[in-house]
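Chain letters run A, B, ... following the sequence lines, proteins first, then strands; residues in each count from 1.
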2 protein chains.
Amino acid sequence: MNEYSLKKKVVNMVLDTNGKEKTDKHHKILEAAIKVFAEQGFFRSTISQIAKEAGVADGTIYLYFKNKDDILLQFYSYKTRKIFNKFREAVDKAENSGEKFRNLIRCHLREFQGDRNMAVVYIAEARKGQHLDPLLDELTKMYLDVLGEVVEQGQAEGLFRKDLYISLVKRYILGGVEAIISTWVYAGGKYDLESMADPLVDLFLRGIGSNDVVAGETP
Amino acid sequence: MNEYSLKKKVVNMVLDTNGKEKTDKHHKILEAAIKVFAEQGFFRSTISQIAKEAGVADGTIYLYFKNKDDILLQFYSYKTRKIFNKFREAVDKAENSGEKFRNLIRCHLREFQGDRNMAVVYIAEARKGQHLDPLLDELTKMYLDVLGEVVEQGQAEGLFRKDLYISLVKRYILGGVEAIISTWVYAGGKYDLESMADPLVDLFLRGIGSNDVVAGETP
DNA sequence: TTTTTTTCAATGAATACTCATTCATTTATC
DNA sequence: GATAAATGAATGAGTATTCATTGAAAAAAA
């Protein structure tokens, strides 16, 4: 929106000797912001609310973030990297493509369940796409790439159908998973999200049709 | 936000003798607003922009709408009703559940393709759910109900599997369809959306797995 | 019919208010 | 004591909403 001139070095994400993230201001503000965003949506949230939630002064936020947009941006950047590593790991530790597929979806659900505020922000704020956040697209793209990889391997292994419209399949799977997360978020996160992985994978693999009957067609 | 005291009667959606909606101010403003919302997002859009797009003065908008939020609300209310009738019709005119299912999804895609601004607003703005719009939930709920109906009938007719977790299936299908619409919107609406209906239905019915192999399990 | 009066939708400048952002001052750290 | 970090009140840009004024058209009077 305005000029990007950082007056001070920022991004001093300190790690303490245990390797755990030190609860420094930067982190505290980020978490507070996501909580507020999750509750009210990005545009309704004010810097003052975030500052209060983080227990700092309004001005302090500007020592760590360029502006309000930058808070969301840094959140995406941070979480996206972190989550993507988990996804990667889940896929890589599996032997065959079927297991990779199941692991990926289970991991997706588990990670979002583990950080509900993040889930809300991703689900609610992410769709806008377009201008604010190339980062968002990046996560989506990475996810789709991993999925594509798994599906193609699955085809090679004879586990998945050969006649698939891959780009459609990728979107469709991501859509299905996000719909389940969105429902869970919306229901207040009351039930166990990860346990939806198996029924969901079953749907992806077998579909809802019985036998070989293709509904709506008259062969 | 403030008190709800309407000083004048509003909502005079005039129908001319042909039954077509007369292009009165109310309608003109609504369409203009959705265009602006689609381009910039609700919060970035200003009343002045909408007024300019509609070719009226800023103040005129307040003769037809309580406030900015109300524009979005009335849009949802209006479109939701309209679209739902189409969905209903698509389902009712089919004989068997398979055809109903296919019709519903095709209709969904066709309607969204036919009004891209609407699609953008629904996809981008709708996820927030929560507070602003019980209307939104209403559309979703109606859609899920119709879907549930179709799926249950399909089970009775032996077309769909009996061992389905219905509430999961409903969400999952809506998610898949929305993902396809979202992709289309995001790609700039360049290709034909309705033609995705058949491949999509195929995925829903048959899944991506080959034969009876259930991936990731070791039976 | 012509003239006068009333009405009320439409206008857009003025208002009121919200917030992101700044910066002079205070507090902590070394 | 000097440097760095944090503060929060003050600023002002942006914009939703209001309302006194206008003028075209309908109704009433002539």
Side-chain angles (χ1 to χ4, degrees), chain A residues 1-14 16 22-37 39-75 125 131-132, chain B residues 1-14 22-34 36-37 39-75 125 131-132:
Chain A
M1 187 172 278
N2 349 32
E3 295 154 46
Y4 273 40
S5 57
L6 225 36
K7 285 186 188 128
K8 295 184 178 183
K9 286 294 163 42
V10 165
V11 189
N12 51 338
M13 196 163 291
V14 186
D16 70 16
K22 205 165 174 185
T23 63
D24 66 349
K25 291 258 157 65
H26 185 270
H27 220 262
K28 215 162 70 178
I29 293 169
L30 213 40
E31 291 293 340
I34 294 317
K35 184 170 177 214
V36 175
F37 291 163
E39 280 163 1
Q40 318 206 306
F42 178 76
F43 286 103
R44 289 190 216 279
S45 302
T46 71
I47 294 292
S48 289
Q49 289 175 312
I50 296 168
K52 184 188 277 185
E53 179 70 39
V56 301
D58 293 16
T60 305
I61 290 178
Y62 290 87
L63 298 175
Y64 297 92
F65 300 89
K66 222 165 10 205
N67 52 38
K68 193 182 165 189
D69 285 0
D70 189 44
I71 301 175
L72 198 55
L73 245 348
Q74 287 198 37
F75 165 75
E125 234 59 54
H131 309 297
L132 183 61
Chain B
M1 189 170 277
N2 351 33
E3 296 155 45
Y4 272 41
S5 57
L6 225 36
K7 287 191 188 121
K8 296 182 178 183
K9 286 292 163 42
V10 163
V11 187
N12 50 338
M13 194 163 293
V14 186
K22 205 166 175 183
T23 64
D24 67 349
K25 291 257 158 67
H26 185 270
H27 220 263
K28 216 163 69 178
I29 294 169
L30 213 40
E31 290 294 339
I34 294 316
V36 175
F37 290 164
E39 281 163 359
Q40 317 207 309
F42 178 77
F43 287 104
R44 287 190 219 279
S45 303
T46 70
I47 294 292
S48 290
Q49 289 175 311
I50 295 168
K52 185 188 276 184
E53 179 71 38
V56 300
D58 293 15
T60 305
I61 290 178
Y62 289 88
L63 298 176
Y64 297 91
F65 301 89
K66 219 163 14 203
N67 52 40
K68 193 181 165 189
D69 284 0
D70 189 45
I71 302 175
L72 198 55
L73 245 348
Q74 286 198 36
F75 164 75
E125 233 59 52
H131 308 297
L132 184 61

Approximate separation, where rounding is to 0.5 Å, of [X] [atom1] and [Y] [atom2]:
| X | Y | atom1 | atom2 | answer |
| --- | --- | --- | --- | --- |
| B:F75 | B:D70 | CZ | CG | 13.5 Å |
| B:N67 | B:I47 | CG | CD1 | 8.0 Å |
| B:Y64 | B:I71 | OH | CD1 | 13.0 Å |
| B:L30 | B:I61 | CG | CD1 | 10.5 Å |

Whole-Å gap separating [atom2] ([N]) and [atom1] ([X]):
| X | N | atom1 | atom2 | result |
| --- | --- | --- | --- | --- |
| A:K28 | D:dA6 | NZ | C1' | 11 Å |
| A:D69 | C:dC19 | CG | P | 16 Å |
| A:K52 | C:dC19 | NZ | P | 13 Å |
| A:F43 | D:dG14 | CZ | P | 16 Å |
| A:N67 | C:dT22 | CG | P | 9 Å |
| B:I61 | D:dT15 | CD1 | C1' | 13 Å |
| A:D24 | D:dA5 | CG | P | 12 Å |
| B:D70 | D:dT18 | CG | P | 12 Å |

message: Quick check: do B:F65 and B:L73 have side-chain heavy atoms less than 4.5 Å from each other?
response: no
Ignoring backbone atoms, establish whether [X] has a side-chain N or O less than 4.0 Å from OP1 or OP2 of [N].
| X | N | answer |
| --- | --- | --- |
| A:Y62 | C:dC23 | no |
| A:K25 | D:dA6 | yes |
| A:Y64 | D:dA6 | yes |

Kindly point out which of [options] is positioned nearest to the side chain of [X]?
| X | options | answer |
| --- | --- | --- |
| B:V56 | D:dA6, D:dT17, C:dT11 | C:dT11 |
| A:L63 | C:dA20, D:dA16, D:dA5 | D:dA5 |
| A:A57 | D:dA16, D:dT7, C:dA9 | D:dT7 |

Nucleotide N/O to protein N/O under 3.5 Å, stretch nucleotides 13-18 of chain C:
none

field: B:Q49 and B:E39 side chains, donor-acceptor separation under 3.5 Å
entry: no
query: More 5' along DNA chain C: A:T60 or A:S45, using each one's nearest nucleotide?
result: A:S45
Name each donor-acceptor pair under 3.5 Å that joins a side chain in residues 51-58 of chain B to protein atoms two or more places apart or in another chain, with its distance.
| from | atom 1 | to | atom 2 | distance (Å) |
| --- | --- | --- | --- | --- |
| B:E53 | OE2 | B:K35 | NZ | 3.2 |
| B:D58 | OD2 | B:S48 | OG | 2.8 |

